[in-house]
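A quick write-up on the structure given underneath.
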Amino acid sequence: MRESKFYFKTRKEVSKEEVAVSACLLIRANFIEKLTSGVYNFLPLGFKVIKKIEGIVRDEMEAIGGQEILMALLNPKSNWKQTNRWDTFKALFKVQSRYGQWFALAPTHEEIITPMVKNFIFSYKDLPLYLFHISDKFRDEPRSKSGILRGKEFIMKDLYSFHTDEKDLEKYYEKVKKAYKRVFKRCGLKAFVVEASGGSFSRFSHEFQVITPAGEDLFYYCSSCKFCRNKEIAENIKKCPECGHTVEMLKGSEVGNIFKLKDKYSNAFDLKFRDKDGKNKNVMMGCYGIGISRLLGVIAEANYDKDGMIWPEEVAPFIYHLLSLSSGDAKMNKIIKKQADLFYTKMLEKGIEVLYDDREDVSNGEKLVDADLLGLPYRIVVSEKTIKNNKFELRERRNRKVKLIKLSDFDKTVKSK
Ligand code: ATP
Ligand code: MG
């Protein structure tokens with residue numbers, strides 16, 4: 001992508017309403033734009049990151065047998081009445097059709113997927129079944145200061161699993177836990193697995209928490225045995241219940257949550273299967289969420305310095321940021337531009353993800369500042385100084401290490417990742 005053709009200019013100022021570091025950085029760098037409180041548009045750079053996160057999640061969900069579906073967001077009231085959540089789910093957005101019917105804008109999909117699979121699950125032979133879905137969710141959240149970390153409209157991945165018995169659910173739950181760890185690691189994050197309230201059907205669920213000052217959760221952490229438990233559910237813990245070591249309190253943002261639903265929803269929708277012994281039994285269920293758009297914010301929150309963001313490679317919108325810096329000398333300018341153009345063409349041919357700052361109406365200083373703000377993993381600079389030495393500059397954003405490399409070594413240095 002050529003920046004001269006890119007319509008989204010970085011900003012110096014962000015509205016004072018935005019206090020979360022991630023929201024400020026993502027808005028300044030034009031990854032996202034706020035439409036209204038809790039509602040954001042994703043601009044080309046931000047949407048690229050979202051698609052990369054989705055790609056990782058999709059990969060890992062398919063690796064544990066998940067099949068992707070896309071469920072409706074406009075939900076009939078009757079589905080939500082059936083579980084009583086039409087009246088008890090406080091954050092449910094309710095909309096009325098001009099013909100009088102009421103709908104819910106889906107905040108989660110148990111009410112849709114459970115009756116849906118009744119059409120496919122009859123006997124134990126139809127189980128287990130794993131279905132997942134990546135799409136918008138709507139929740140009428142209270143006004144928050146967390147920017148994109150807490151939206152009224154946000155993107156979630158939700159996986160639902162269906163089993164013959166609790167043992168099978170238990171086994172799959174552990175598999176999902178491992179898959180989640182891989183997802184967050186690939187996103188460049190360290191996620192803590194935290195015990196949290198299990199609702200009325202299990203003792204605990206598990207949350208995946210990433211440490212950040214913008215987070216809304218507090219949890220106990222034992223540095224000795226790695227025990228973690230959410231403060232919300234726990235009595236005042238001073239000593240680790242596992243090993244007796246003193247615990248500390250950490251602040252995090254929940255990027256994922258896994259839950260054993262058991263037969264809560266199969267009961268509500270009469271989802272049964274015929275078992276080997278000929279008896280009809282309730283299907284056992286699990287549900288597993290990941291906050292895709294929250295992750296965009298959390299990754300920014302966990303990877304920045306005074307100059308801007310620092311994207312982990314696997315989720316970076318582009319891997320390379322190629323900059324051609326101008327010179328006062330017209331002839332030299334032409335040479336610089338020609339060299340940078342050549343690099344750009346080569347990179348495109350090799351399928352390397354590159355953003356090319358070829359803008360002519362912007363100062364060199366601004367280009368460098370913008371590049372640090374955007375925080376792509378590698379910056380390549382072609383300037384008068386490098387050209388005079390027959391070289392180009394390669395700089396790693398994370399550690400700011402600069403290398404001057406011979407022009408003729410470009411092909412063997414700059415490779416597709
Ligand atoms: P929270 O405790 O943060 O309100 P939750 O427990 O209600 O979240 P879940 O229903 O478990 O959320 O949803 C699965 C995942 O979706 C969460 O782990 C989180 O990453 C993400 N998520 C939930 N609510 C929001 C929101 N309002 N904005 C952005 N992401 C969200
Ligand atoms: Mg949760």
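Whatever order the structure lists ligands and atoms in, that order sets their numbers, starting from 1. Sequential numbering from 1 along the given sequence is applied to the chain's residues.
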> Are any of the N/O atoms in Ser293 less than 3.5 Å from those in ligand 1?
Replying inline: no
> Hey, looking at atom 2 (O) of ligand 1, which of Arg139, Glu254, Lys152 has the closest heavy atom?
Replying inline: Glu254
> Hey, is Arg398 close enough to Asp305 for a salt bridge, meaning N to O under 4.0 Å?
Replying inline: no
>> A cation-pi test, strictly: NZ or CZ of Lys48 under 6.0 Å from the centre of the six-membered ring of Phe318 and no more than 45 degrees from its axis. Yes or no?
In response: yes
> Contact between Val255 and ligand 1, counting heavy atoms under 4.0 Å?
Replying inline: yes
> To which of Gln209, Glu141, Met156 does the heavy atom nearest atom 14 (C) of ligand 1 belong?
Replying inline: Met156
>> Less than 4.0 angstrom from a charged side-chain N to a carboxylate O is my criterion; do Lys306 and Asp372 meet it?
In response: no
> Do Gly151 and ligand 1 have an N or O pair less than 3.5 Å apart?
Replying inline: yes
> Applying a 4.0 Å heavy-atom criterion (strictly less than), which segment of Leu295 is in contact with ligand 1: side chain, backbone, both, or neither?
Replying inline: neither
> Quick check: does Asp217 get an N/O under 3.5 Å from an N/O on ligand 1?
Replying inline: no
>> Between Tyr173 and His206, does the ring pair (Phe, Tyr, Trp, His ring centres under 6.0 Å) criterion hold? Intermediate values first, please.
In response: CA-CA 10 Å; Tyr173 185 88; His206 290 90; 5.7 Å; yes
> Just checking, Lys118 and Phe269: is the charged tip under 6.0 Å from the six-membered ring centre and within 45° of the axis?
Replying inline: no
>> Any salt bridge linking Lys260 with Glu170? Criterion: basic side-chain nitrogen under 4.0 Å from a carboxylate oxygen.
In response: yes
